[in-house]
Number of protein chains: 2
Amino acid sequence: MSRMAAKDRREELIAAAFRVMVREGVTKATTRAIVNEAKMPLGVFHYCFNSREELLQEVLTRFTDRSAEAARKAFQEEGDLSARVCKSLGTFWDGVELSPGEHQVTYELTHYALRQAGFEELARRQYESYLEVHQTLLTEATESEGIRWTVPVPVLARYLNAVLEGLTLCWLVDRNSEDSRGVLRLVGDHLLTFAEKKE
Amino acid sequence: MSRMAAKDRREELIAAAFRVMVREGVTKATTRAIVNEAKMPLGVFHYCFNSREELLQEVLTRFTDRSAEAARKAFQEEGDLSARVCKSLGTFWDGVELSPGEHQVTYELTHYALRQAGFEELARRQYESYLEVHQTLLTEATESEGIRWTVPVPVLARYLNAVLEGLTLCWLVDRNSEDSRGVLRLVGDHLLTFAEKKE
DNA sequence: CAGCGTCTTGGACGGTCGACCAACACCTGA
DNA sequence: TCAGGTGTTGGTCGACCGTCCAAGACGCTG
């Protein structure tokens with residue numbers, strides 16, 4: 001194998017682990033499966049990582065950041081509040097249907113973290129990040145649209161997060177897009193009822 | 001060990017597996033952990049089950065039935081529609097906070113089933129059951145309250161399922177009861193806006 | 001009592017896993 | 001040039017896993 005800095009190999013291993021997880025699930029992402037995906041000999045693994053858990057930690061935080069980034073990108077800037085909410089939800093959902101595996105893995109990682117001693121904090125950070133993104137976007141809308149929310153923003157954020165996560169999970173199982181989008185419309189309209197013109 | 005019919009041992013093993021999963025997670029429920037929990041020698045396992053997967057199948061379907069039963073029980077029969085919806089959601093939530101482990105396992109089993117070749121159908125049946133319970137209860141309310149829903153019942157059922165599952169998942173991670181109950185109130189009120197007096 | 005299903009048990013097999021290590025190859029700077 | 005830090009490699013270790021089996025114990029029936 002051509003010589004490569006340990007740092008670079010770490011990144012490639014993380015990317016390989018990412019692919020394996022999306023394709024086959026978290027439990028199947030063994031050290032051997034990962035180095036095989038990266039086309040590296042097994043010995044490389046523990047030269048770059050102290051343990052498999054260290055890799056998993058890294059992957060989980062990247063997934064979390066990735067989700068947050070995707071959510072932020074889904075947030076539309078143009079049009080009136082109604083159009084923006086509708087578009088944002090639609091864009092989020094397109095992402096789900098486009099890459100179901102990635103979303104599936106985020107759930108698996110959460111449950112893995114909840115059961116792994118010393119990993120609970122990572123799961124907590126994951127959901128803290130989710131909620132924070134929703135809060136930020138809700139608050140941003142407040143300023144740019146000249147409205148205020150008639151319900152506490154943390155509650156609204158949790159509501160949105162719950163619906164989106166629950167809906168995604170259900171779709172991952174039964175793939176019923178039509179009803180799912182119906183729910184999305186329901187929630188979008190519902191959200192608008194909490195927006196009140198300022199003054 | 002005292003003599004016992006294979007059928008009875010099966011039930012005890014299923015119950016033991018149930019306990020191990022709730023306590024330590026699905027992946028930790030190995031054949032050895034299960035027979036140990038049941039205080040039986042290892043050999044018993046494959047005398048009662050053809051494979052570990054056969055046990056898991058059994059446990060998953062029981063969990064599914066159990067959830068459906070719990071949901072049906074949470075459905076309140078007394079009072080007007082508003083009080084019933086409010087009480088039902090409250091009862092469901094009390095169940096979540098009372099036994100988080102059980103709910104956590106249902107998610108783990110879902111994701112396990114989605115990744116296991118030949119098990120996808122079980123996961124599908126699980127969520128089909130969830131949705132069906134919601135539909136049934138919504139339709140029941142239709143008749144006993146003399147109303148009709150202004151939104152297709154399957155969409156409403158999926159909405160409820162999504163919120164409850166997503167909210168539970170989020171709570172399992174961050175244990176924020178206050179905001180969770182706030183969301184529940186939001187959703188309860190929202191649901192009522194879809195009820196329309198008949199004629 | 002003998003015979004025969006049913007149940008019990010401890011041990012063993014092959015496989016996979018995370019982790020580790022000694023030996024070697026390479027590159028750089030003194 | 002050569003010594004020492006850095007990267008590479010294949011093999012190996014002990015642990016744990018699901019599964020299987022032989023040998024025997026039990027209890028009913030004829």
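Every chain is numbered from 1, with letters handed out A, B, ... down the list of sequences.
We find that CE of B:Met40 is positioned 10 Å from P of C:dT9, with the value rounded to whole Å. Here the P atom of nucleotide C:dG18 and the CD atom of A:Gln57 are 16 Å apart, to the nearest Å. A straight line from CD of B:Glu24 to P of D:dC17 spans 11 Å, rounded to a whole angstrom. When the C1' atom of C:dG18 is taken as reference, atom CG of A:Asn36 falls 16 Å away, rounded to whole Å. Rounded to whole Å, atom P of C:dT6 lies 15 Å from atom CG of B:Asp8. Atom CE in A:Met4 sits roughly 7 Å away from atom P in D:dT8 (whole-Å rounding). Distance A:Lys28 NZ to C:dC17 P: 10 Å, rounded to the nearest Å. One atom, OH of B:Tyr47, and another, P of C:dG11, lie 21 Å apart when rounded to the nearest Å.
Between A:Phe92 and A:His103, the ring-plane angle classifies as perpendicular under the 30° and 60° cut-offs.
Among the atoms of the strands shown, only primed sugar atoms or phosphate atoms (P, OP1, OP2) are found under 4.0 Å from some heavy atom of A:Ser2.
Aromatic pair B:Tyr159/B:His190: centroids less than 6.0 angstrom apart.
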Please tabulate the protein-to-nucleotide N/O contacts below 3.5 Å involving nucleotides 19-23 of chain D, giving atom names and distances.
residue, atom, partner, partner atom, Å
D:dT19, OP2, B:His46, NE2, 3.0
D:dT19, OP2, B:Arg52, N, 2.7
D:dT19, O5', B:His46, NE2, 3.2

N/O to N/O distances under 3.5 Å, protein versus nucleotides 23-30 of chain C:
residue, atom, partner, partner atom, Å
C:dC26, O2, A:Arg3, NH2, 3.3

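In terms of heavy atoms, B:Arg52 sits closest to B:Thr27 at NH2-O, 4.3 Å. Heavy-atom minimum distance, B:Lys28 versus A:Arg115: NZ-O, 4.2 Å.
Look at A:Arg32 and A:Glu37 and you find no salt bridge, because none of the NZ, NE, NH1 or NH2 atoms lies under 4.0 Å from a carboxylate O.
The listed nucleotides are D:dG7, C:dC17, D:dT9; the one nearest the side chain of A:Ala5 is D:dG7.
Checking B:Trp171 against B:Ser177 by side-chain atom types alone, a donor-acceptor pair falls below 3.5 Å. Judged by distance alone, the side chains of B:Tyr127 and B:Glu165 do bring a donor and an acceptor atom under 3.5 Å apart.
Rounding to the nearest 0.5 Å gives a distance of 7.5 Å between CG of B:Leu156 and OG1 of B:Thr150.
Side-chain contact check for B:Gln126 versus B:Thr106: some heavy-atom pair is nearer than 4.5 Å.
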